[in-house]
Amino acid sequence: MRKQTKLVAVLSAASLLAIGASMTAFADTPHWDQEDGSWVYLDRNGDKVTDEWRKSNNQWYYLDSDGYMATDTLVESGDNLYYVDANGVRVANAWVSMDNDDLLDDDDVSTVWYYFDRNGRAVGYNDDEGDIARVNYGDGASGYFIFNGDGIMLSGWQEWDDELYYLGDENEGWARTGWQYLDTDDELFDGGDDEGEPYESEEYFYFRSNGKARRDTSVQIGGRWYAFDANGIMLDLWVYPDASGSYINSDGSSSVASAAFYQEDNGGRERNWIFAYANTDYDDYDDSMYWFYLNSNGRPERAEAGDGSGVDITDDEKAYPALKARSIRNKTYIFDDAGRMRSGLFDLTGVKRGSAELDGIYYFQEDGDHGSTEGQMVTNRRTTIEVDGEDETYYFKKNGQAYVNTIVSSSVYGADGALVTDYGDGSTYQIVTLWDDVYTTKSQSSEDMIPAGSQVLINGNGKIKRSGTVTDMDSQRVHVTNYVVDSIEEDD
């Protein structure tokens with residue numbers, strides 16, 4: 001902290017007398033003298049020197065317009081501003097404070113500060129734009145300060161030369177560096193964010209070593225990436241570059257196609273899996289959260305036009321014009337065009353997974369608690385899924401595709417992939433005319449197929465009779481060979 005005391009260089013009385021004594025010894029030469037208790041400087045003719053500097057004992061003194069040595073005041077000389085202390089000595093390499101008696105047009109500032117360089121000139125004075133300079137401010141510390149055209153140190157939030165700085169209070173003034181959590185109660189932030197919404201009362205900012213705030217950029221700090229809006233405020237959640245390339249928190253839609261995700265409050269850019277709302281303005285948009293998978297740039301894996309399409313059978317046949325599959329740690333997931341991971345039973349058409357495509361019915365696990373298995377494609381097992389309020393059973397291949405019109409372990413799965421349970425009564429069989437060709441083995445070879453239109457026996461548990469004679473639900477004696485009914489006898 002800079003010592004907040006007014007600088008006064010005290011010159012001893014003996015020193016002052018020495019000035020007079022040395023000069024008055026030669027009455028016919030320019031010399032110092034006293035008049036009415038004040039020091040004056042007389043020229044060779046004995047006239048008082050006015051509006052000029054005079055040097056004595058390696059110190060500079062100023063003679064005012066009346067010829068008296070100036071003390072404890074600001075001195076305008078030439079194009080510069082100086083300060084002489086209570087002993088009249090011009091100060092250099094020093095801070096000087098004084099009451100703000102209309103020196104700075106800011107009623108909130110009671111004390112103003114000047115810095116006088118090694119030549120005693122006030123930094124920034126007589127410059128229309130002022131000046132910025134690196135200056136020591138006590139305890140071995142130094143920093144960048146901004147001075148206006150009157151040489152007065154500025155404080156608070158300042159935009160200077162198209163850069164943003166924060167300079168602390170009126171008795172500080174040095175430009176902050178690094179991470180800062182700062183008050184946004186300043187007219188600079190009155191317009192709010194990109195949508196006109198007010199900022200929080202305090203926000204995070206990051207200032208470079210030269211005090212310049214990071215603004216409208218994404219930058220790596222301490223090994224992590226962060227984004228800042230045009231006002232220098234750290235952004236979190238979904239961050240979008242707008243049409244002009246500026247970084248903002250919303251694009252006005254639910255799409256995160258061009259966005260990257262930054263950790264809430266902390267601000268560091270995320271990667272891999274996150275569970276989040278689909279839009280930064282979720283309070284006005286959506287009360288649902290989704291899983292997203294982010295690449296190293298924080299952008300979500302997402303589908304684009306031409307990646308394929310699908311219908312969610314478990315969600316009222318909801319159609320998705322674009323879906324993309326991605327294998328992550330040996331598990332397959334699907335993502336829509338906004339990057340949201342989807343779960344449920346899907347009928348997919350040409351959905352790309354690398355160089356391959358997914359066609360057919362697939363199940364991506366649903367988990368009401370949004371656990372670690374949610375969204376994973378089910379493979380190589382039989383699974384019961386709730387569809388339209390009813391439990392339906394499916395059998396999925398090693399590649400995740402559901403068996404369709406196929407007999408697996410003596411159970412028949414229909415055209416929609418579901419176990420056929422619409423016929424018979426429990427374990428009692430019913431004669432059924434096949435709706436399509438039905439494969440009799442998992443290999444789904446055309447050589448192992450029951451032609452459409454054939455009659456077969458199926459019971460309410462989805463079992464199909466392969467061979468033999470049984471009494472069906474109509475009390476008929478039905479004989480089957482290789483799944484096909486070849487004789488029917490009335491049971492007397």
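These numbers come from a predicted model, not from an experiment.
- In this structure, P300 and F335 have side chains that are not in contact, with every pair of non-hydrogen atoms separated by 4.5 Å or more.
- The environment of CG in D185 is sparse: at most 12 heavy-atom neighbours from other residues, nucleotides or ligands sit within 6.0 Å.
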Practice item. Given side-chain hydrogen bond (donor to acceptor under 3.5 Å, both in side chains), test Y226 with Q220 step by step and report yes or no. Key: CA-CA 6 Å; Y226 299 85; Q220 193 173 31; over 6 Å; no

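- The CZ atom of R224 lies 10.5 Å from the CZ atom of R271; values are rounded to the nearest 0.5 Å.
- N45 contributes no side-chain N or O that, together with a main-chain N or O of D47, makes up a donor-acceptor pair within less than 3.5 Å.
- Environment of CG in D161: crowded, with over 12 heavy atoms of neighbouring residues, nucleotides or ligands closer than 6.0 Å.
- Put simply, CE on M341 and OG on S343 are 5.5 Å apart, with the number rounded to the nearest 0.5 Å.
- Between R340 and F292 the shortest side-chain heavy-atom distance falls below 4.5 Å.
- No hydrogens or angles considered: nothing links the side chains of S327 and R353 as a donor-acceptor pair under 3.5 Å.
- Separation of atoms OG1 (T217) and OH (Y206) is listed at 12.5 Å; rounding is to 0.5 Å.
- In this structure a side-chain-to-backbone donor-acceptor pair under 3.5 Å is present from E170 to T111.
- Residue L323 holds its CG atom at 5.0 Å from CD1 of I334, rounded to the nearest 0.5 Å.
- Ion pair K48/E52 not flagged as a salt bridge, since none of the NZ, NE, NH1 or NH2 atoms sits closer than 4.0 Å to an Asp/Glu carboxylate oxygen.
- Nearest heavy atom pair, residue L167 against residue S155, reads CB-CA, 3.7 Å.
- Ring centroid separation for the pair W273 and Y333 comes in under the 6.0 Å cut-off.
- Q376 and T332 are not linked by any side-chain donor-acceptor pair at a separation below 3.5 angstrom, with hydrogens and angles left out of the test.
- You'll find the ring centres of W53 and Y82 inside the 6.0 Å limit.
- N119 places no side-chain N or O within donor-acceptor distance of the main-chain N or O of R121, the cut-off being under 3.5 Å.
- Under the 3.5 Å distance criterion, the side-chain polar atoms of N148 are matched with a main-chain donor or acceptor of D150.
- Screening F396, Y320, Y394, Y362 against F346 for a ring-ring contact (aromatic ring centres under 6.0 Å, His included) leaves a single residue, Y320.
- There is a side-chain donor-acceptor pair under 3.5 Å between Y83 and D72.
- Formation of a donor-acceptor pair under 3.5 Å by the N57 side chain with backbone atoms of Q59 is not found in this model.
- Here the side chains of T379 and M377 are in contact, with some heavy-atom distance below 4.5 Å.
- Within 6.0 Å of CD on E357 lie more than 12 heavy atoms contributed by other residues, nucleotides or ligands.
- Residues I152 and L103 have side chains in contact (heavy-atom distance under 4.5 Å, counting atoms from C-beta outward).
- When side chains are defined from C-beta on, M98 counts as touching L74, because their heavy atoms get closer than 4.5 Å.
- Judged by distance alone, the side chain of W60 and the main-chain N or O of G88 form no donor-acceptor pair under 3.5 Å.
- Under the rule for a side-chain contact (heavy atoms from CB on, under 4.5 Å), the partners of E163 that lie at least two apart in sequence or sit in another chain are Y165, R208, K212.
- Residues A303 and K324 come closest through the heavy atom pair CB-N, 3.5 Å.
- Using a 4.5 Å heavy-atom cutoff, the side chains of L345 and V387 are in contact.
- Within 6.0 Å of CG in D388 there are 12 or fewer heavy atoms belonging to other residues, nucleotides or ligands.
- Electrostatic pairing of D337 and R302 does not count as a salt bridge here, judged by no charged N lying under 4.0 Å from a carboxylate O.
- Looking at D369, its side chain never comes within 3.5 Å of a backbone N or O of G371 through a donor-acceptor pair.
- Remark: Y199 engages no residue in a ring-ring contact (aromatic ring centres under 6.0 Å, His included) (not counting sequence neighbours).
- For the atom pair CZ (F364) and OG1 (T314), the distance works out to 11.0 Å, reported to the nearest 0.5 Å.
- Shown here for R215 and D162, the closest heavy-atom pair between the two residues is NH2-O, 3.1 Å.
- With hydrogens and angles disregarded, a donor-acceptor distance shorter than 3.5 Å links the side chain of N126 to the backbone of D79.
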**Study point:** Working for side-chain contact (heavy atoms from CB on, under 4.5 Å), residues V135 and W95
**Key:** CA-CA 10 Å; V135 175; W95 287 97; 3.7 Å; yes

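- You'll find the side chain of I146 reaches within 4.5 Å of the side chain of I132, heavy atoms only.
- Classified by interplanar angle (parallel below 30°, tilted 30° to 60°, perpendicular above 60°), the ring pair Y115/F147 is tilted.
- Looking only at atom types and distance, the side chain of N249 has no donor-acceptor partner in the side chain of W238 under 3.5 Å away.
- Remark: the backbone N or O of K318 is not paired with any side-chain donor or acceptor of D316 at under 3.5 angstrom.
- Taking the six-membered ring wherever Trp is involved, the centroid distance between the rings of Y204 and F228 does not fall below 6.0 Å.
- Between F275 and H370, a ring centre-to-centre spacing shorter than 6.0 Å is recorded.
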Exercise for review: Before giving the answer on side-chain contact (heavy atoms from CB on, under 4.5 Å), spell out for F145 and Y137 the whole-Å C-alpha distance, their side-chain angles and the decisive distance to 0.1 Å.
Suggested key: CA-CA 10 Å; F145 293 78; Y137 58 91; 3.6 Å; yes

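- Between the OG atom of S218 and the CZ atom of R269 there is a distance of 5.0 Å, given to the nearest 0.5 Å.
- Contact between V239 and Y262 at its shortest, heavy atoms only, is CG2-CD1, 3.4 Å.
- Residues meeting the side-chain hydrogen bond (donor to acceptor under 3.5 Å, both in side chains) test with Q401, sequence neighbours left out: K397.
- Between the side chains of S246 and D216, a donor-acceptor pair is found at a separation under 3.5 Å.
- Remark: aromatic rings of W157 and F189 are close, center separation under 6.0 Å.
- Looking at heavy atoms from C-beta onward, V91 lies in side-chain contact with V96 at the 4.5 angstrom threshold.
- The two residues V378 and T383 have their closest heavy-atom pair at CG1-OG1, 3.7 Å.
- With a 6.0 Å radius and a threshold of 12 heavy atoms from other residues, nucleotides or ligands, E200 has its CD atom at or below the threshold.
- With respect to E301 and R326, a salt bridge is recorded, a charged nitrogen being found less than 4.0 Å from a carboxylate O.
- In this structure, N297 contributes its side chain and R299 its backbone to no donor-acceptor pair below 3.5 Å.
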Review point. Between S38 and D36, does a side-chain hydrogen bond (donor to acceptor under 3.5 Å, both in side chains) hold up when you go through it step by step?
Key: CA-CA 6 Å; S38 297; D36 299 329; over 6 Å; no

Point to revise | Working for side-chain contact (heavy atoms from CB on, under 4.5 Å), residues I221 and V219 | key: CA-CA 6 Å; I221 302 169; V219 63; 3.8 Å; yes

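- Of all the heavy atoms in A70 and V75, the pair that sits closest is CB-CG2, 4.4 Å.
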